[in-house]
Amino acid sequence: MALIETTNLHKIYRMGDVEVRALRGVSIAIEAGDYLAIMGPSGSGKSTLMNLLGCLDTPTSGTYRLGGEDVSSLGADRLAAVRSQQIGFVFQQFNLLPRATALQNVELPLVYTGAKNRHELALRSLERAGLGDRAHHRPTELSGGEQQRVAMARALVNNPSIVLADEPTGNLDSHTGEEILNVFDELNAEGITMIMVTHDLQVADHCKRTIQLVDGEIISDKQNHEVRGTGEI
Amino acid sequence: MNLIEAMRTAYMSLLANKSRSVLTMLGVIIGVSAVLVVVAIGQGLKADVLDRIRSMGTNLVTISPGGGRRHGPPTGQTQPGKLTEEDLEALQQDLTNIAALAPTVQRGVTAKYRNLTHTTQAVGTNSQWPLAMAFEIAKGRFFSASEQRARARVAVIGQDVVDELFYGRPLVGEYIRINNTPFEVIGILEEKGGGWGNPDNQIVIPLSTARQRLVGDADLNAILVSAEGEDVVPIVKENIERTLFRTHRVAEATRDFDIRDQTEMLSMVSETTGQMTLFLGGIAAVSLLVGGVGIMNIMLVSVTERTREIGIRKAVGARRRDIMAQFLIESVMLSALGGIIGIAFGFAGSQALGQSLGWQTVVPLWAVVLSFFFSAAVGVFFGWYPARKAALLDPIQCLRYE
């Protein structure tokens, strides 16, 4: 059984009187250890899919099984627990707490799991990201690439089975972006399931598998070498 | 998230906005210190009056004109009545088991010695007054029954009068003028220590002399009866009642006099000052509520400002109750800290006020504990809505918030 299995996911947002059908029947299976890029034009529903896979939101209809457990109808607090234990997030905007130090930011997920040796775990995660000497710097004192590394250390501190990244290199120059992606490659090689949303083919190149979303539906699902060189969407 | 962790987080976030936090606390600080100062003055006044009443001994029964309620503070619904010297004579004949029986008339007077003037209270009474009021004579003597009968122009004066007219020297044997009548000072009353109805600021003279020189045939202000012992106080009260019902030709329903023993006096004063303190304290407590509204306002602003932070925390696994606790603890910390600072200011304020006005002030422990918990409760009450608002925010919306 696949780590992630969605069946006929629909998501409808209501904006006043207008219904926005963001997802229209997405069925996808993602094996543990996969490295997946979700691509598509803006408004195609890739962020919505990402939010659903990340248990930040629940589908209007359809089922989502994560590790065999149906999480599509869990309440807010149960979803929070799933995020806390199984999922790490990396965002385009980094989303670090500006007043907290790098170390405190990495500690944040542990605060909500009640881990005992938080400090050491966070420091170890930060050291793995190569920022052991930056532990007591605040985000504003770090470069963009360093901030994204802190965010990755935070995403990994709870040993999640899945890391979700939303345009992780979108705010970085190509060189720094490449460095970050190399870390992603390593993490995937260690067995972590990586899923990222991007519109950049070069970024998607790092992945083993790419799906294309248009108007809330998957129009293609290919292994990496097949996608390569098909040009900009 | 454990409590200590949550408190640390809240503390950090309050520290990040120092001046805003202090200004927000100000409402609670002012409220709590106002409550404490009012209570301290009220309690001080009460302790003062109670001390005074206790110092008069437990055997004293006071008869005053005008009937009314048997217990509690006097009300406006009293029967007009008067006490006369006939009542006094009747009581003298009827009463047994008594140690002293003294009438009093009072009048504000001006006392002069050489070129010094002092405004004070003159009390006309008989020779048994010191016994009834439990007053010792510090120097000299009190006037005798024969001096009382002979309308002798003699006076026994309190310590404040000595201070004002004699510069504190105990000049027994000197003459002072009371409303321009010369009186020989034959004794000085022991000092009771000022305060409410200051017993050190009075001049005691024979009733007959007072009638002739100061008050004419005015009614008595009170008749003081001292029972032989505490155990016979109820019997004495009963006998007084029987006699006065007869001489005044009244019954229970139309009684035109009031009899109180010291226990009743104590409970009356406690009740009156207690109610007053409660009333004024209640008014002061309203400002605490206003402080609470200030906290709610700031917490709402804070929730909006930190929408993105809430989103991040939720994304990494914070449950609703974690967010709720975070903001609730923050508002309680604001209000409780305000409460503690307010308590400190309240203490200092009542001390300063007490010293500058010469009042005794007492800050009771219950008032401190109560104002602390009340201010903490204000934090919970006014922090609830903003915290709940934060807890229910949608993580996706929060992460998109700019």
Side-chain angles (χ1 to χ4, degrees), chain A residues 11 13 22 47-48 50-52 54-58 74-101 104-116 118-119 122 138-139 150-151 153-158 160 164 166, chain B residues 1-21 298-299 301-330 333 387-402:
Chain A
K11 182 71 188 178
Y13 293 108
S47 290
T48 304
M50 183 73 140
N51 290 336
L52 289 181
C55 291
L56 284 168
D57 207 351
T58 50
L74 292 182
D77 283 355
R78 295 283 304 281
L79 284 180
V82 172
R83 291 197 293 273
S84 161
Q85 286 152 19
Q86 302 192 45
I87 299 168
F89 288 96
V90 178
F91 303 94
Q92 180 177 5
Q93 307 288 343
F94 317 138
N95 276 340
L96 301 173
L97 297 183
R99 284 199 294 269
T101 63
Q104 285 165 343
N105 266 294
V106 178
E107 273 184 57
L108 198 60
L110 298 169
V111 165
Y112 298 109
T113 57
K116 288 267 183 290
R118 245 187 12 230
H119 220 64
R138 283 171 211 285
V150 173
R154 180 180 66 189
L156 293 167
V157 74
N158 267 340
L164 292 166
D166 190 353
Chain B
M1 182 152 67
N2 67 37
L3 192 65
I4 293 169
E5 176 65 34
M7 286 175 75
R8 209 176 60 100
T9 312
Y11 178 71
M12 294 305 287
S13 115
L14 294 184
L15 217 58
N17 278 312
K18 270 192 220 76
S19 57
R20 182 203 279 187
S21 303
I298 284 301
M299 290 311 294
V301 171
S302 177
V303 168
T304 307
E305 277 181 354
R306 285 151 69 188
T307 300
R308 206 176 176 88
E309 174 188 330
I310 293 165
I312 295 168
R313 287 180 181 273
K314 286 194 162 191
V316 301
R319 289 157 302 180
R320 284 178 173 174
R321 69 179 115 128
D322 294 318
I323 301 295
M324 177 104 190
Q326 184 189 341
F327 283 91
L328 207 51
I329 284 170
E330 217 170 293
M333 198 174 262
R388 191 169 159 70
K389 201 178 157 192
L392 293 181
L393 285 174
D394 174 19
I396 299 167
Q397 300 284 339
C398 291
L399 286 169
R400 271 196 214 131
Y401 186 86
E402 291 298 330

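Just so it is clear: chains get the letters A, B, ... in the order the sequence lines come, proteins before strands, and each one is counted from 1.
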First locate atom [atom1] of [X], then atom [atom2] of [Y], and finally report the distance between them rounded to the nearest 0.5 Å.
X	Y	atom1	atom2	value
Asn95(A)	Arg308(B)	CG	CZ	4.0 Å
Arg99(A)	Asn17(B)	CZ	CG	6.0 Å
Leu96(A)	Glu309(B)	CG	CD	12.0 Å
Leu97(A)	Met12(B)	CG	CE	11.5 Å

Discussion item. Between Glu5(B) and Glu107(A), is there a side-chain heavy-atom distance shorter than 4.5 Å?
Written reply: no
_Beyond-backbone contact of Val111(A) with Thr9(B), side-chain heavy atoms, under 4.5 angstrom_ = no
Sorted by chain and residue number, the ring pair (Phe, Tyr, Trp, His ring centres under 6.0 Å) partners of Phe94(A) (sequence neighbours excluded) come out as none
Contacts of Phe89(A) meeting ring pair (Phe, Tyr, Trp, His ring centres under 6.0 Å) (sequence neighbours excluded), chain-then-number -> Phe91(A)
Determine the minimum heavy-atom distance between Leu56(A) and Leu399(B), stating which atoms define it.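 Minimum heavy-atom separation between Leu56(A) and Leu399(B): CD1-CD1, 4.3 Å.
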On a heavy-atom basis, the closest approach of Ala80(A) and Ala318(B) is CB-O, 3.6 Å
- request: Would you mind telling me which of Gly54(A), Ser84(A), Ala81(A), Ala155(A) has the largest number of heavy-atom pairs within less than 4.5 Å of chain B?
  value: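 Looking at each option in turn, the highest pair count goes to Ser84(A).
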Self-check item: Greater than 12 external heavy atoms within 6.0 Å of Arg20(B)'s CZ
Solution: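 For Arg20(B), atom CZ is crowded (more than 12 foreign heavy atoms under 6.0 Å).
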Self-check item: Flag if over 12 foreign heavy atoms under 6.0 Å of CD1, Ile4(B)
Solution: no
* Region of Arg320(B) in contact with chain A, defined by heavy-atom distances below 4.5 Å ->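 Contact with chain A involves both backbone and side-chain atoms of Arg320(B).
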For this session: Please flag which part of Leu110(A) lies under 4.5 Å from any non-hydrogen atom of chain B: side chain, backbone, both or neither.
Result: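 The answer is neither part of Leu110(A).
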inquiry  = Between Arg154(A) and chain B, with a heavy-atom cut-off of 4.5 Å, which part of the residue counts as in contact: side chain, backbone, both or neither?
reply    =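 The side chain, not the backbone.
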With chain A, the option among Pro395(B), Ser13(B), Ala315(B), Gly311(B) that has the most non-hydrogen atom pairs under 4.5 Å is Ala315(B)
